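Proteins get letters first, then strands, A, B, ... in listed order; numbering begins at 1 in each. If you're wondering where the values come from, they're calculated on a predicted model, not measured in any experiment. The basis for the numbers below is simple: all heavy atoms, side chains too, and nothing from hydrogens, waters or symmetry mates.
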There are 4 protein chains.
Amino acid sequence: MATPERAAVDKRRTILDAAVRVFARQGFHTCRVSDIADEAGVAYGLVYHYFNAKEEILDTLFLERWDVMLAAIAEADASQRTARDKLYAIAEFIIDSYRHDPNLMKVIIVEVTRAANTFGRTHLAKIREAYQQISGIVARAQADGSFRKEITPEFAALAFYGCIEQVLSGWIFELEPAGPGQLERAKTLIVETICGGLEG
Amino acid sequence: MATPERAAVDKRRTILDAAVRVFARQGFHTCRVSDIADEAGVAYGLVYHYFNAKEEILDTLFLERWDVMLAAIAEADASQRTARDKLYAIAEFIIDSYRHDPNLMKVIIVEVTRAANTFGRTHLAKIREAYQQISGIVARAQADGSFRKEITPEFAALAFYGCIEQVLSGWIFELEPAGPGQLERAKTLIVETICGGLEG
Amino acid sequence: MATPERAAVDKRRTILDAAVRVFARQGFHTCRVSDIADEAGVAYGLVYHYFNAKEEILDTLFLERWDVMLAAIAEADASQRTARDKLYAIAEFIIDSYRHDPNLMKVIIVEVTRAANTFGRTHLAKIREAYQQISGIVARAQADGSFRKEITPEFAALAFYGCIEQVLSGWIFELEPAGPGQLERAKTLIVETICGGLEG
Amino acid sequence: MATPERAAVDKRRTILDAAVRVFARQGFHTCRVSDIADEAGVAYGLVYHYFNAKEEILDTLFLERWDVMLAAIAEADASQRTARDKLYAIAEFIIDSYRHDPNLMKVIIVEVTRAANTFGRTHLAKIREAYQQISGIVARAQADGSFRKEITPEFAALAFYGCIEQVLSGWIFELEPAGPGQLERAKTLIVETICGGLEG
DNA sequence: CATGAATGAGACTTCATTCAT
DNA sequence: TATGAATGAAGTCTCATTCAT
C-alpha cells in the first residue's frame with residue numbers, strides 16, 4: 001500500500017508549506033508552533049512527529065531551496081555562456097524563484113541569509129558556497145580578459161549577490177513595486193549595473 | 001550642581017552602550033533585559049527607569065545612529081564633488097562608522113535594516129530616506145551626463161546601498177577578513193564596482 | 001471513549017475549585033497563579049491552558065454562580081407565593097449557597113459584588129439584573145396592596161439585598177457566629193426585618 | 001516661625017487629599033505611589049517622608065474618618081431622641097459625609113469596610129465598634145418597648161448599616177442616581193424601611 | 001523638607017516540547 | 001499516524017521602597 005506513505009509524505013509537505021506562509025507573515029521568532037499547525041490544519045503534536053524542533057522546520061526549508069539554487073548556479077557556470085550571461089542566469093533563477101514563491105524567498109532571506117546571529121551562523125558554510133561559485137565565475141572571466149582585474153572576485157561576488165538580495169528586500173519590504181515587469185527588468189538592471197557600472 | 005544631571009544622563013548612556021555589546025553578542029531576541037543590566041553594571045529596574053521596553057532601547061540606538069548617517073549623506077550630497085566622489089564619501093562614512101564601533105553597526109544592520117519583519121518594518125520610513133537621498137545623487141548625475149540613464153536612480157541606490165551592506169555583512173559574519181587595509185580598500189572597491197562595473 | 005473528555009473537563013473543574021479556596025484564603029490580588037496551580041495539583045501552565053488570564057478564572061466563578069442565583073430568583077418570582085415568601089425564598093437560596101460553599105460565596109461577595117473598582121465594574125450589568133428582579137417582586141406587591149408604596153421598589157431591592165450581603169459579610173469577617181442555627185435563623189430575621197421592620 | 005511647620009502639615013494633607021482622589025479613581029491596588037505623588041504635585045519620595053508605606057495612607061484616611069463617625073454615632077446615642085430619630089441621625093451623618101466628600105466615602109467603603117481580606121481584616125475592631133454602638137441603641141429601644149424583641153440587636157445593627165452601605169454603593173457604582181434630592185430622600189427611606197418595614 | 005535615581009523581588013504570561021491515549 | 005492535554009522554564013515588566021544629594 002503506497003497510500004499511507006504518500007499521506008505521510010503529504011502531511012509533512014503540508015506542514016512545511018504552512019510554515020512558509022506563517023514564517024513569512026509573522027516571522028520565525030514571533031510565530032508559535034501552534035500557528036504553523038493551525039495553518040496546516042493539523043494538531044500541533046504532529047509537527048513534532050515530523051520535525052524534532054521548530055528550528056528544524058526552518059532549516060529544512062532553507063536547505064531544500066538553497067541546494068536547488070546551488071545546483072542552478074553550478075549549471076550556469078558549467079554552460080558555455082559568457083560571464084555576463086552566467087550572472088544573468090543566476091539573477092534570473094533567483095528572481096524567478098521569488099516570482100514563483102515570494103513567501104519562501106522572503107523567509108530564506110529574512111530569517112536565514114540576513115540573520116547573522118541565529119540561522120545565518122548555522123548555515124554559513126552553505127551560504128559561502130554560493131559566493132565561492134560566483135567568485136569562480138568572476139575569476140575565470142578575469143583570466144580570459146572579459147572582466148577587469150582591479151576588483152577581487154570575492155568582492156565582486158559579494159557585490160553581485162548583495163545587489164540581488166537588496167532588490168528582493170526592496171520587494172519584500174514593499175519599498176519598490178514588484179509587478180511582473182519590474183521583476184523581469186530587474187534581471188537586466190542587476191547585470192547591467194554590476195557588469196557595466198553606473199557610468200556605463 | 002550639574003553633577004546629578006550628568007550622572008543621570010551617563011547612566012542612560014551606560015545602558016545604551018551595554019545594550020550595543022549585548023545585542024551584538026547575543027542578538028536582540030536571544031538576550032534578556034537582565035543581560036543588559038548586568039553588562040551595564042546597574043540594577044534590573046533601572047533599565048525600565050530610562051526605557052519603557054526592551055524594544056525602545058534598540059529603537060533608540062538605531063535612530064541615534066541613523067540620523068547621524070542621514071546627516072552625513074545630506075552633507076555629501078550638498079558638497080561640490082562629483083557623483084562618484086559623493087558615493088565614495090557615503091561609503092567612507094559607513095565603513096568608518098563600522099571601524100569606529102563595529103558592534104553598533106552590526107546591531108543596526110542585523111537587527112534593524114535587515115530585519116524585515118520586526119524592526120525593519122517599524123523604521124521603514126527612516127530607512128527609505130537614505131535610499132531617496134542616494135537616488136537623488138544618481139538622478140542629478142544622470143541629468144548632468146556623468147551617469148548613464150539606462151539604470152533608474154532608485155535601482156542604483158538599492159544596488160549601491162546593498163553592496164555596502166553586503167560587504168559589512170561579510171565582515172560581521174566573518175566571511176571576509178576585516179583588517180584596516182580591507183576596510184580602506186573596500187571604500188574604493190564599492191565605488192569602483194558600482195560606478196565602473198566589473199567589465200570596467 | 002468518553003474518558004479523555006471527562007478528564008479534561010475535570011481538570012478545568014479542579015482548577016476552578018482550587019481557585020475558590022485560594023481566592024477565599026488569600027484574596028484575588030494577593031494570591032499568585034502558581035498558588036492556584038499548587039492547590040489544584042497541576043502544572044503552572046495548565047491554568048493558562050484552560051483560562052487566558054487570572055481574571056478569567058474569577059470571572060468564570062462569578063458568572064457560573066450568579067447565573068444560578070438569577071435563575072433561583074426568577075423561579076421564586078414565578079411561583080404563586082406571597083411577596084414575603086418570595087423574598088424568603090431568595091434569602092434562603094443565598095444563605096444555603098453560603099452553607100454549601102462558603103468559600104465560593106466569600107469570593108463572589110468580597111472580590112466581585114463588593115469590589116466597585118475592579119470586577120464589580122465589569123459585572124455591573126449582571127449584578128443589576130438581580131436588583132431589578134427583586135424590584136419587580138416589590139413593585140407587584142405594592143400593586144396588590146401587600147407592600148406599602150412609600151418605599152420605592154428600587155430602594156427596597158437595595159435594602160433587601162444589602163441586608164443579606166451584610167449578614168453574609170458578618171459571617172465571612174467572623175464578626176458573627178455562623179453555625180447552622182444562625183444561618184437558618186438569619187433567613188427569617190432578614191425577611192422579618194425588611195418586611196416587618198424593627199418596630200414590628 | 002510657625003510657617004514651616006504649617007507648610008509641612010499642609011504637604012501631608014495635600015498628599016492625603018490626593019490619595020483620596022487617586023484611590024477613588026483607580027482603586028488602592030491598581031494605583032501606584034507615584035500616581036498619588038503626581039496628583040499631589042510632589043515627588044514621590046516625599047510620600048515616604050510622611051508615611052511609612054502605601055498602606056499607611058489608606059489606614060490614615062480610614063481612621064481619621066471612622067473616628068469622626070464613631071463620635072457622631074455616640075453623640076446621636078447620647079441625645080434624648082427616640083431610637084428611630086437616633087438611627088435617622090446616623091444615616092444623616094453618613095449620607096451627608098458622602099455628599100461632602102463622595103470620593104472619601106467611596107474609598108472607605110470599597111477599600112476598607114467591604115474588603116474583608118485586606119484592610120477590612122485590619123480594621124475589624126474599629127468597624128465592630130460602630131455595629132456595637134448601633135446594637136446598643138436597638139437594645140435600649142427594645143428595653144423601653146419602642147422596638148420589638150424578635151430581632152436581635154446585633155442583627156438589627158447589621159441590617160441597618162448594611163442598608164446604608166448598599167445605598168451608598170448604589171451611588172458609587174452609579175447604579176442609582178445620586179442627586180441632592182435622592183440623597184435627602186434616602187435618609188428617610190432607610191429609616192422607614194428598617195424601622196417600619198416594607199409591609200408598613 | 002524635598003527630589004527622583006536606583007534597587008530588586010516578584011508577578012503574570014508565553015510557548016517549545018513531551019507524552020499518554 | 002494523530003491528538004491536544006500537560007509541563008515548567010524563562011522572560012518581560014511593575015512598582016513599593018530606599019537612599020544619596
Check: Could you give the CD-to-C1' distance, from C/E56 to E/dC12, as a whole number of Å?
Finding: 14 Å
Margin query: According to salt bridge (charged side-chain N to carboxylate O under 4.0 Å, His left out), who are the partners of B/E174, at least two apart in sequence or on a separate chain?
Written below: none
Notebook entry, point to check: Under the side-chain contact (heavy atoms from CB on, under 4.5 Å) test, which residues partner D/D38, sequence neighbours left out?
Noted result: none
Check: Which range-with-range stems can be found for DNA chain E when each stem has 3 or more Watson-Crick or G-U pairs in a row and both distances sit under 3.5 Å?
Finding: E:2-21 with F:2-21
Next item on the list: Show the numbers, then the answer: is there a salt bridge (charged side-chain N to carboxylate O under 4.0 Å, His left out) between A/D35 and A/R32?
Entry: CA-CA 5 Å; A/D35 293 332; A/R32 300 172 294 186; 3.5 Å; yes
Next item on the list: Please identify each residue that fulfils ring-ring contact (aromatic ring centres under 6.0 Å, His included) with B/Y48, with sequence neighbours left out.
Entry: none
Next item on the list: Would you kindly give the CZ-to-C1' distance between C/F51 and F/dA5, to the nearest whole Å?
Entry: 14 Å
Next item on the list: Specify the separation, in whole Å, of atom CD1 of B/I15 and atom C1' of E/dA5.
Entry: 11 Å
Check: Which letters describe nucleotides 12-19 of chain F, given B = protein heavy atom under 4.0 Å from base, S = only from sugar-phosphate, - = neither?
Finding: BBBSSBB-
Note to self: Please report the distance, rounded to the nearest Å, between CD in A/Q26 and C1' in E/dT14.
What the structure shows: 14 Å
Listed pairs under 3.5 Å, donor-acceptor, residues 102-111 of chain D side chains, sequence neighbours left out:
unit_1 : atom_1 : unit_2 : atom_2 : d
D/K106 : NZ     : D/A24  : O      : 3.0
D/E111 : OE2    : C/N117 : ND2    : 3.0
D/E111 : OE2    : D/F28  : N      : 3.1

Check: In terms of the angle between their ring planes, are C/H123 and C/F62 parallel, tilted or perpendicular, with boundaries placed at 30° and 60°?
Finding: tilted
